[in-house]
Amino acid sequence: MPELPEVETVRASLEPKLVGHRFEAVEILDSRLTRPVDPAEVAAELVGECVAAVDRRGKYLIVRFESGLVLLIHLRMTGTLAHSRNGAASKSHVRAVVRLDDGSDVTYRDVRRFGTWLVLRADELDAYFSARLGLEPLEPGFSAAGLAERLAGRRAPVKAALLDQRTLAGVGNIYADEALWRARIDPRRPAGQLDAREIRVLHRGIRRALEAGIARQGATLRDYRTPDGSSGSMQNEFKVYGRDGEPCLRCGRPIEKTRVGGRGTWFCPGCQR
DNA sequence: CTTTTTCCCTGGACGC
DNA sequence: TGCGTCCAGGGAAAAA
């Protein structure tokens with residue numbers, strides 16, 4: 001499930017393939033992708049557009065065009081983008097295909113069809129994001145003080161607060177568990193109850209968990225792939241995620257699985273307090 | 001206002 | 001082998 005490190009990996013891989021190139025043909029095969037907008041309308045808007053930049057905000061991929069138009073892609077659970085010079089290897093679950101002016105193409109696949117493509121004007125982006133997203137955890141503007149401010153007074157479990165994209169943008173179920181393990185904080189603790197020291201450690205834990213994910217090109221559990229088709233390796237480095245029953249790498253106690261905020265949650269009952 | 005629950009989707013895992 | 005059931009979870013929307 002693509003979270004910030006996975007989306008950043010996709011962005012970095014796609015950027016050199018897209019920038020400076022024109023969308024020569026756009027085929028959208030699943031109307032859910034652009035709902036409620038007609039997919040033919042979206043395809044028509046994108047044809048002829050020349051890519052100026054490929055950016056990321058939280059888990060959103062931002063394809064900026066020279067015209068000032070923007071394509072916002074959210075991969076949700078199972079969306080993948082593949083870039084290829086000789087046609088798509090497999091046709092399964094293909095929801096959209098973009099042919100570039102160099103003859104290569106970008107294929108969007110999505111087994112569960114939760115992903116979305118949205119076309120906006122660049123001047124609409126700020127409003128779109130500020131209604132949905134908090135700070136970027138890897139930007140200099142993300143400070144322990146800023147995190148404290150956003151957690152203050154909240155009674156929800158700290159893990160639920162981290163999953164809330166308005167707290168900070170880009171952390172999902174895997175990296176929330178990994179960050180909380182690094183910070184030695186119990187995911188069930190009320191977010192507003194953490195003291196200043198714990199917030200500082202959590203701030204560092206979030207950054208380190210996300211950086212570790214990016215360094216390993218993300219985590220491939222089943223569907224996620226980089227645009228060249230390779231898998232990430234972060235799944236081999238998980239400290240807690242999916243490790244119930246296995247010993248904690250820090251204190252040896254068996255990792256436990258529970259549910260927090262409706263999500264499967266792994267933590268060490270020995271050293272996460 | 002905040003927090004929780006439900007819904008959208010498909011396919012893999014599992015029990016019988 | 002085949003069927004039914006559960007589970008995975010990001011985010012929007014509804015409910016509490």
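Basis for what follows: all heavy atoms, side chains included, without hydrogens, waters or symmetry-related copies.
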> Note the angle between the end axes of the helix from B:dT2-C:dA16 to B:dC16-C:dG2, five pairs defining each, rounded to 10 degrees.
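What I find for the helix from B:dT2-C:dA16 to B:dC16-C:dG2 is an axis angle of 50°.
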> Could you tell me whether the side chains of A:Ser13 and A:His83 share a donor-acceptor contact shorter than 3.5 Å?
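No donor-acceptor contact under 3.5 Å links the two side chains.
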> Distance from A:Thr226 atom OG1 to A:Arg11 atom CZ, nearest 0.5 Å?
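Going from the OG1 atom of A:Thr226 to the CZ atom of A:Arg11 covers 14.0 Å.
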> According to salt bridge (Lys or Arg N to Asp or Glu O under 4.0 Å), does anything in residues 264-273 of chain A pair up with another residue at least two apart or in another chain? List the pairs.
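Of all non-adjacent pairs touching residues 264-273 of chain A, none passes salt bridge (Lys or Arg N to Asp or Glu O under 4.0 Å).
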> Under the side-chain hydrogen bond (donor to acceptor under 3.5 Å, both in side chains) rule, collect the residues that match up with A:Arg64, sequence neighbours excluded.
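For A:Arg64, the residues satisfying side-chain hydrogen bond (donor to acceptor under 3.5 Å, both in side chains) (neighbours in sequence not counted) are A:Asp55.
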> Not counting sequence neighbours, list each pair that qualifies as a ring-ring contact (aromatic ring centres under 6.0 Å, His included) and has a residue in residues 94-128 of chain A.
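Qualifying pairs: A:Tyr60-A:Tyr128, A:Tyr108-A:Trp117.
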> Any ring-ring contact (aromatic ring centres under 6.0 Å, His included) involving residues 229-253 of chain A? Give me the pairs, sequence neighbours left out, ordered by first then second residue.
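Checked against ring-ring contact (aromatic ring centres under 6.0 Å, His included) - neighbours excluded - the pairs reaching residues 229-253 of chain A are A:Phe238-A:Tyr241, A:Tyr241-A:Trp266.
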> Identify whether A:Val7 and A:Ile206 are in the same connected component of the hydrophobic contact network (ILVMFWY, side-chain heavy atoms under 4.5 Å).
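They do not share one cluster, since no chain of ILVMFWY contacts under 4.5 Å joins A:Val7 to A:Ile206.
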> Hey, could you give me each pair passing salt bridge (Lys or Arg N to Asp or Glu O under 4.0 Å) that has a residue in residues 33-43 of chain A? Not counting sequence neighbours.
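Qualifying pairs, neighbours excluded: none.
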> Closer to the 5' end of DNA chain B via nearest nucleotide, is it A:Arg113 or A:Ala160?
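Whichever sits nearer the 5' end wins; that is A:Ala160.
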> Check nucleotides 14-16 of chain C for protein N or O atoms closer than 3.5 Å to its own N or O atoms and list the pairs.
none

> Can you list the residues that meet the salt bridge (charged side-chain N to carboxylate O under 4.0 Å, His left out) rule with A:Lys159, with sequence neighbours excluded?
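Applying salt bridge (charged side-chain N to carboxylate O under 4.0 Å, His left out) to A:Lys159 gives A:Asp177.
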> Can a donor-acceptor pair be found between the side chains of A:Thr167 and A:Arg154 at a distance below 3.5 Å?
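There is such a pair between these side chains.
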> Tabulate below the donor-acceptor pairs under 3.5 Å that side-chain atoms of residues 140-153 of chain A make, not counting sequence neighbours, or state none.
residue	atom	partner	partner atom	Å
A:Ser143	OG	A:Gly146	N	2.9
A:Arg150	NH1	A:Arg166	O	3.1

> Give me each pair satisfying ring-ring contact (aromatic ring centres under 6.0 Å, His included) with a member in residues 164-196 of chain A, each pair once, sequence neighbours excluded.
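The answer is none; no pair qualifies.
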> Between protein and nucleotides 5-12 of chain C, map the contacts as a letter string: B base, S sugar-phosphate only, - none, heavy atoms under 4.0 Å, written 5' to 3'.
---BBBBS
> When the nearest nucleotide of DNA chain B is assigned to A:Arg166 and to A:Val111 on a heavy-atom basis, which residue is associated with the more 5' position?
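First, find each residue's nearest nucleotide; the 5'-ward one identifies A:Arg166.
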> Hey, where on DNA chain B does chain A first and last touch, going 5' to 3'? Cut-off is any atom under 4.0 Å from a heavy atom.
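That gives a stretch of B:dT3 to B:dG12.
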> Evaluate the criterion side chain to side chain donor-acceptor pair (under 3.5 Å) for residue pair A:Ser233 and A:Gln217; output intermediate values, then yes/no.
CA-CA 7 Å; A:Ser233 63; A:Gln217 311 252 87; over 6 Å; no
